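Source: prediction; values computed, not measured. Below, chain A is the first sequence line, B the second, and so on; all start at residue 1.
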Amino acid sequence: METSLNYTIWILILPFAAFVLNGLLSKRLPNQVASAISIISILIAAALSYYLAFVYFTDIGKAAETFMAIKAFDQTWLRFTESLQIKIGFLVDPISIMMLIVVTTVSSLVFIYSIGYMKGEKGYNRFFAFLSLFSFSMMGLVVATNLFQMYIFWELVGVSSFLLIGYYYDKPSAVSASKKAFIVTRFADLGFLLGILLLSYYGNSFDFLEISSDNGAAVSQMGGITFMGMSVLSWALLLVFTGGAGKSAMFPLHIWLPDAMEGPTPVSALIHAATMVVAGVYLVARMFTVYSFGAPDVLEIVAIIGAFSALFAAVIACTQFDIKRVLAFSTMSQIGYMMMALGVSGYAAEGLGFTASMFHLFTHAFFKALLFLGAGAIIHSVHTNDIREMGGLRKYLPISHITFLIACLAISGIPPFAGFFSKDEILAAAQMHGMIYFGVGYLVAGLTAFYMFRLYFMVFWNKNQPAESKVHESPSVMTIPLIILALGSIFAGFVPFGNLITTNGQVLETEFHVSLAAATVGIALVGIVVSYLFYAKPSDRPERIAKSLGGFYRTVYQKFYFDEIYLFITQRIIFGIFSAFIAWFDRNIVDGTINAIGWLTAWISSRIKGLQSGQVQQYAYVFLGGVLIIGLVFFYYWMR
Amino acid sequence: MIKGIPFEHIMIFSTLLFFIGVYGFLTRKNLITILISIELILNAVNINFVAVNVYLYPEALEGHFFALFIIAIAAAEAAVAIAIFINLYRNIRSINIEKVNEMKN
Amino acid sequence: METYIFYILAGAILIFALLSVTTRRVLRAAVYLLFALGSTAGIYFMVEFLFLAAVQLLVYVGGVVVLIIFSILLTSQINDRLEQPEWLKVMATMLLVVVGAGLSLFVIREYDFNISETAMTAPTVSDIGLKLLSYGPGGYVLPFEVISILLLAAMIGAIVIAKRMKEND
């Protein structure tokens, strides 16, 4: 069995090779060759992933009606002690395969789409090199066998995200956005690292399987040690979740995600919608056994933060006018959904939330990538991000229109589109856990439908702009990925997730709640109808509502002033008070000491350089005088 | 062993010769005269070796051989030194030691 | 008799050495050196180190001094007089030399030399040759070879240094 999985390493090697090749030869390769290298490598990786998924789910994965976790390989890389070693491996289990499918599929389509979108851009080859790097790191993260490997690829993903957000590096806003994304996620990753260290220190292992084995018994002794009222295990898991929250743009570490939209739209689709931002969800899911048994209190926090982020982002999304920012907040909201689902989930038979979360992650990847790519096609055609300047585009962009509509229906949870099934399961799980989560989820479902259709109607209907004749449909390299993703958004919901991905690998019986489904669809329809009334035709209703809400509307529009709060904290408090002192200390005490040493050395040398006269006889005088002095001293003591 | 000559006298003699050499080495400016001073110093050392050999360790020959090797080294050193002096003289038309500080820069 | 000869030789060596380091004519300095070295050979004869004395005469008097005289002829005019060293420099050197000599003499006076009573058997040339090439205990083959290499290196070095300027001339 081990040998039969050796090919899995190519899933990682191929995109990395494409990155190295494109990165090193970016100046020499013609654009077509560069993109071909990246696309072919990711297509092969995708094919291998699909093959792996097929083999796993039909053949090798199942043992005694349970999906097992298999290590395709696990190479020791750093060896600290007998029990504490860092390995690089390839873990095959249902969720890693699911993520591999998502990553390779979305990556392949985004890569192909980028041929059209990035055509003629400066640094075309560099773009493909970075995309390949991203795919490599994301897959390395997904298949990590241990926490440390995951951390390494986690940071690599962060770097590629940084590079791609700052792709237009001559644009100051892109540069500051990339810095912001990097710093915020890096800050969160500090928590992750601390969590890893705590876990490995007490649990004596980085390995996911060992940590989760026997329902987390390996680390359960940590439960006994408490610190500030919480067990060390809880602290460690909370810190790990901090890292995940940073990557997944959970409140209050979400501030980087809207700005990250400065990157090219394919990047937003791939990284900031479908794959990287769900890494946090994936991380919690990967450690779910430990969370579930070791620290239910932390899971509660996960659920609260997820629910709050979902609501928070959905409210903001209703007020934004930049098409990509609306989608960014929508992403944040949907990831909040996933987090909430994980948080409310139990283990084994109560593990509906887990399955639902993974399911939603899966379907979300399709329709959110589709939304972003569609938005990219629109931006590509009309050269603006502001939806107030769009309108009536449905005649000019027929394919984009239909696919965008499908995605909107999917995200709103209208059957039979993908989002309906996963959202329904999440709400069912939330209902089992507590009514407040259900209430929030239900409200967010309505808001989601509202803001998505607000976007849809403002872009494609609402003929307030005489559409220019220049606007035309994108080339087929861009529309074909859209169509494929649209098909995915339609059919992804029919994947029997309950049979495939569960907390313990055994089949989970999911039941279909007609009343719940009807209620969800109902509120989604309400949202759609409201947005139809507001935005389908040009009207002043939205303005009037906004006026009547007054200060609240402005607060929401300014994203609850979170950026300003952060700025205040960082600039005024940290930079202004603490850093000022540290900087003063650094400049005057630390640098001053070093400078003084340097200055003293220079001064002494300038004084004594006359001794190095080059006159041999002077040296001889000094030498002989020295010998005589030593001799005299020596004999003085000898005579005593 | 020279009859009637105390060991100390030979030592005093070689010491004086040595310091005459040192005096020359320190005061002379012409490189060739400095080389001459060095030869005097080496000669004093040789005498010392021989005297110690003869007076203190008559059964051994270490001092004798040391003197022999020192003569060989002195010859080699003189040959190289004079080659350098001649080359130097060609370059700067002088063999004054005070002008030989090119290595300083 | 031998006593007097030794003192005469020693005195001559000291005087010649002193003249050699103080004369203002370079060529004379070389000639005084020649006398001093030759007289040293006499001292070697007195202790019956005949081979060493011969080497002293051959290498020093026949080689080094001749080399020095050649270099003098190549680098300076015969009639040139060396400049007198500065008074201060002479005084400083005298001070150093006197202190150094005083220290050494003091040590010689204080130290209790362990004079051997056995008479020296003068080494024959064959003794010396055997010892030089012996690799057993007390053999000198290693320093001998090292000296050979050194002489070779010095020879090559001297040739290279003295020759190099030809292209530039």
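Ring pair C:Tyr140/B:Phe69 is tilted by interplanar angle, where 30° to 60° counts as tilted. Relative orientation of the C:Phe51 and B:His64 rings is tilted, given thresholds of 30° and 60° on the angle between their planes. Taking the six-membered ring for Trp and thresholds of 30 and 60 degrees, B:Phe7 and C:Phe113 have ring planes more than 60 degrees apart, a perpendicular arrangement.
C:Leu67 touches chain B through backbone and side chain together, each having a heavy atom under 4.5 Å away. Contacts of C:Tyr32 with chain B are absent, with no heavy-atom separation under 4.5 Å from either backbone or side chain. Interface remark: C:Tyr44 contributes side-chain atoms only to the contact with chain B (heavy atom separation under 4.5 Å). Proximity to chain C is limited to the side chain of B:Thr15, based on heavy atoms less than 4.5 angstrom apart. Both the backbone and the side chain of B:Asn46 come within contact range of chain C, judged by heavy atoms closer than 4.5 Å. For C:Ile128, the parts lying near chain B are the backbone and the side chain together; criterion is any non-hydrogen pair under 4.5 Å. Heavy atoms closer than 4.5 Å to chain C are found in the side chain of B:Ile95, but not in its backbone. Of the atoms belonging to B:Ile82, it is side-chain heavy atoms, and not backbone ones, that fall under 4.5 Å from chain C. Heavy atoms closer than 4.5 Å to chain C are found in the side chain of B:Phe65, but not in its backbone. For B:Ile32, the part sitting under 4.5 Å from any heavy atom of chain C is the side chain, from C-beta outward, and nothing else. Using a 4.5 Å cut-off between heavy atoms, B:Ile10 touches chain C through backbone and side chain atoms alike. Using a 4.5 Å cut-off between heavy atoms, B:Ala81 makes no contact with chain C at all.
Annotation: maximal heavy-atom pairing with chain C below 4.5 Å, among B:Ile84, B:Leu16, B:Leu56, occurs at B:Leu56. For the set B:Ile86, B:Leu88, B:Leu31, B:Leu61, the count of heavy-atom pairs under 4.5 angstrom toward chain C peaks at B:Leu61. Here B:Tyr23 is the residue among B:Tyr23, B:Phe18, B:Phe85 with the most heavy-atom pairs under 4.5 Å with chain C. Here B:Ile12 is the residue among B:Ile12, B:Val52, B:Val22 with the most heavy-atom pairs under 4.5 Å with chain C.
Taken from CG in C:Leu52 to CG in B:Leu68, the straight-line distance is 6.0 Å, to the nearest 0.5 Å. Between B:Tyr57 atom OH and C:Ser116 atom OG the span is 10.0 Å, to the nearest 0.5 Å. Note that the OG1 atom of B:Thr27 and the NZ atom of C:Lys89 stand 7.0 Å from one another [nearest 0.5 Å]. Between the CD1 atom of C:Ile68 and the CG atom of B:Leu35 there is a distance of 4.5 Å, given to the nearest 0.5 Å. The line from CD1 of B:Ile5 to CE of C:Met46 is 6.0 Å long, rounded to the nearest 0.5 Å.
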Pair C:Lys131-B:Glu62, salt bridge (charged side-chain N to carboxylate O under 4.0 Å, His left out): steps then yes or no: CA-CA 10 Å; C:Lys131 266 234 144 137; B:Glu62 261 76 12; 6.0 Å; no
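Closest approach of B:Ala72 and C:Leu151 over heavy atoms only: O-CD2, 3.8 Å.
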